[in-house]
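Below is one structure, written out as structure tokens; comments come after it.
Letters A, B, ... mirror the listed sequences (proteins, then strands); counts begin at 1. Just so it is clear, the model here is predicted, and its values are computed rather than measured. Keep in mind that the numbers below use all heavy atoms, side chains included, and drop hydrogens, waters and symmetry copies.
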Number of protein chains: 2
Amino acid sequence: MRIGELSARTGVPARLLRYYEEQDLLHPERDASGYRSYGEADAGRVEQIRGLLDAGLTTEIIRQLLPFLGGGIHLPAPCLTADMAQLLELQASRLGRRIDCLSRNRDALLGYLAAIRGPLQDRFGEQGDLVG
Amino acid sequence: MRIGELSARTGVPARLLRYYEEQDLLHPERDASGYRSYGEADAGRVEQIRGLLDAGLTTEIIRQLLPFLGGGIHLPAPCLTADMAQLLELQASRLGRRIDCLSRNRDALLGYLAAIRGPLQDRFGEQGDLVG
DNA sequence: TCCGACCTTCACATCAGTGTGAAGGCAAAT
DNA sequence: ATTTGCCTTCACACTGATGTGAAGGTCGGA
């Protein structure tokens, strides 16, 4: 498919699809007239990229990680240096910290909402210390 | 404490502590000579801000959420409009999506690492050669 | 009293992710 | 053959988070 269709299917502006290509996150073919030609798998790939960008990762990190995220048919497996493995571990632990931080804060939010919405009325004077 | 000490204790550049104040995330007192004066609780607050920023939230969202995240002595509880509750719910669900996305990708990373490292545990981390 | 370490504000710079528009090529339909 | 619509590259600009430096105030110690 061409860039317009991929844009429509993913909701991501064509401008950004070109940007992701420039950043080496996407590698569409080109047809005879120079138009970008994307495969079906690219739709999922774009979703994945968006998710990671939204989660605060940079395009550079995403580029490094993408081949190992199972989003497609990549990784012939044994093309991994020790350095690369170390980087993957590092990034995995960073993701872990991010997840923990977000989880704590989401739980605090949900806890707060539950507290004010569940036993609504009566008990207002007592403020329990919620999650830190 | 003054800005230098808070910076040293949190590892966050003083420049950013000023920026967070400008963004209404911190509200230090001022001493007689105009120096910022932070309380003990601000250290934790800064950590929380950093975590959320790293996780891709903007200072604006953090500002809105911070009073409800239990990071301190805030929220007298019943000062919540319906609009505010809706916003908190929205943000909680966004956090949920972020968490899911990050979890999926971290699991993929860890799965990959386990797959290539499990079967051949013996030689690990010597030179920059291929592993697997 | 001077120095050095810390603080202040102001302001410009950088980087990533985007928005947006210009100027033009290609292709199908009118 | 011109319109219409999608595509191309180029390029300038904005925002949010951050780096950095200038010019100067405060303060404790030699």
**OP:** Any salt bridge (Lys or Arg N to Asp or Glu O under 4.0 Å) involving residues 87-96 of chain B? Give me the pairs, sequence neighbours left out, ordered by first then second residue.
**Re:**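 Output for this query lists A:Arg117-B:Glu89.
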Original post:
Among all residues two or more places apart in sequence or in another chain, which pass the side chain to side chain contact (heavy atoms under 4.5 Å, CB included) test with B:Asp100?
Top reply: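 Checked B:Asp100 against side chain to side chain contact (heavy atoms under 4.5 Å, CB included); matches are B:Arg104.
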Original post:
For B:Thr58, which residues count as a side chain to side chain contact (heavy atoms under 4.5 Å, CB included) partner, sequence neighbours excluded?
Top reply: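 B:Thr58 satisfies side chain to side chain contact (heavy atoms under 4.5 Å, CB included) with B:Glu60, B:Ile61 only.
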**OP:** List the protein contact pattern of nucleotides 10-24 of chain D with one symbol per nucleotide (5' to 3'): B for base contact, S for sugar-phosphate-only contact, - for none; contact means a heavy-atom distance under 4.0 Å.
**Re:** -B----SBBBB----
**OP:** Would you classify A:Arg2 as touching base, sugar-phosphate or nothing, given that sugar-phosphate means primed atoms plus P, OP1 and OP2, and contacts are heavy atoms under 4.0 Å?
**Re:**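 Answer is sugar-phosphate: A:Arg2 comes under 4.0 Å of backbone atoms only.
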Distance, rounded to the nearest Å, where [X] contributes [atom1] and [N] contributes [atom2]:
X       : N      : atom1 : atom2 : answer
A:Ile3  : D:dG5  : CD1   : C1'   : 15 Å
A:Leu52 : C:dG17 : CG    : C1'   : 15 Å
B:Arg18 : C:dA11 : CZ    : C1'   : 14 Å
A:Ile61 : C:dG17 : CD1   : P     : 10 Å
A:Leu25 : C:dG17 : CG    : C1'   : 12 Å

Subject >> side-chain hydrogen bond (donor to acceptor under 3.5 Å, both in side chains) pairs, two or more places apart, involving residues 30-41 of chain B >> reply: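 Counting only pairs at least two positions apart or across chains, the side-chain hydrogen bond (donor to acceptor under 3.5 Å, both in side chains) contacts touching residues 30-41 of chain B are B:Arg9-B:Glu40, B:Glu21-B:Arg30, B:Glu21-B:Arg36, B:Asp31-B:Ser33.
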Subject >> Interface with DNA chain C, restricted to residues 27-38 of chain B and to heavy atoms under 4.0 Å >> reply: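 Listed by number, they are B:Arg30, B:Gly34, B:Tyr35, B:Arg36.
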Original post:
Going through the checks in order, is the side chain to side chain contact (heavy atoms under 4.5 Å, CB included) test met by A:Leu65 and A:Leu87?
Top reply: CA-CA 9 Å; A:Leu65 263 45; A:Leu87 182 140; 4.1 Å; yes
Original post:
Would you find a donor on one side and an acceptor on the other, under 3.5 Å apart, between the side chain of B:Asp42 and the backbone of B:Gly39?
Top reply: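 Yes, the answer is positive, given that a donor and an acceptor are paired below the 3.5 Å cut-off.
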